[in-house]
Amino acid sequence: KAGVTQTPRYLIKTRGQQVTLSCSPISGHRSVSWYQQTPGQGLQFLFEYFSETQRNKGNFPGRFSGRQFSNSRSEMNVSTLELGDSALYLCASSLGMGGLAYNEQFFGPGTRLTVL
Amino acid sequence: GNSVTQMEGPVTLSEEAFLTINCTYTATGYPSLFWYVQYPGEGLQLLLKATKADDKGSNKGFEATYRKETTSFHLEKGSVQVSDSAVYFCALSDKNAGNMLTFGGGTRLMVKP
């Protein structure tokens, strides 16, 4: 069974630009969560999508947004990039069943975004 | 809100040494607790988990016991190998927060031959 894939793996952008990252979950998984990993703030939850609906959201500004498609693939978008957005962005997929009960998550390798 | 605190690294050990990485948490209610491992250039892998007080999670020689009275979930291994070198993250999931994980800051383990 293929794991979680994220594209691209590396990205370099300049301040003020916008960026879109993609995540393809494990086949059959309906939930996709996104996390930001930085040396200073560690791993922080961005948002979770289930069946094309955002069902949970972390404490990030509105510049960070996401969506999920009918095939469960998800994208996240960051607009008006700032230097502090440089990070490893990880996505995780899970079955997502059982309402708000926790389902084991499987993480992708991440997209490393560098903002110059 | 919820939070996880784990010992800062790096932790440097010789092969076959005993490992302890401390983790304590603050949460409302009764969270599930996890240890994840991150190898260089890779995403996170679930190492072990415990879902209620006094549960012991174990995998690949690693163990951790959910201690509600001390709000702790320390990771232990009796004999580390060079291949265990990685960054270890303690995390919790609140029962009513879906798949949202709250992570500790991570502890880098370096094992020397």
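The structure displayed is predicted, hence computed values, not measured ones.
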key: Connected via hydrophobic side-chain network under 4.5 Å: B/Met7 and B/Val111   = yes

A/Phe107 to B/Leu101 - nearest heavy-atom pair and separation = CZ-CD1, 4.2 Å

ask   = Between B/Phe103 and A/Phe45, is a ring pair (Phe, Tyr, Trp, His ring centres under 6.0 Å) present by the stated rule, with each step listed?
value = CA-CA 9 Å; B/Phe103 286 92; A/Phe45 173 79; 9.9 Å; no

task = Of all the heavy-atom pairs spanning B/Tyr36 and A/Gln105, show the shortest one and how long it is.
result = OH-O, 4.0 Å

key: Which atoms of A/Arg9 approach chain B - backbone, side chain, both or neither, heavy atom under 4.5 Å   = side chain

note = Rounded to the nearest 0.5 Å, the CG atom of A/Leu43 sits from the CD atom of B/Gln38 at a distance of 7.0 Å

task = Count the heavy atoms of every other residue, nucleotide or ligand shown that sit under 6.0 Å from CD of B/Glu42, and state whether that count exceeds 12.
result = yes

request  = Taking atom CZ of A/Phe69 as the centre, report whether more than 12 heavy atoms of other residues, nucleotides or ligands fall under 6.0 Å from it.
outcome  = yes

inquiry  = Could you report the tightest heavy-atom contact between A/Gln37 and B/Phe89, atom names first, then the distance?
reply    = NE2-CZ, 3.4 Å

message = Would you say A/Phe60 ends up clustered with B/Met100 if hydrophobic residues are merged whenever their side chains have heavy atoms under 4.5 Å apart, either directly or through other cluster members?
response = no

inquiry  = Taking atom NZ as the centre, does B/Lys68 end up with more than 12 heavy-atom neighbours from other residues, nucleotides or ligands that are less than 6.0 angstrom away?
reply    = no

query = Under a single-linkage definition using a 4.5 Å side-chain heavy-atom cutoff for Ile, Leu, Val, Met, Phe, Trp and Tyr, are A/Leu90 and A/Val78 assigned to the same hydrophobic cluster?
reply = no

request  = Please flag which part of A/Leu88 lies under 4.5 Å from any non-hydrogen atom of chain B: side chain, backbone, both or neither.
outcome  = side chain

task = Evaluate whether atom CG of A/Asn71 has more than 12 neighbouring non-hydrogen atoms of other residues, nucleotides or ligands under 6.0 angstrom away.
result = yes

key: CZ-CD distance between A/Phe106 and B/Gln45, expressed to the nearest 0.5 angstrom   = 10.5 Å

note = Under 4.5 Å to a heavy atom of chain B? For A/Tyr35 that would be side chain

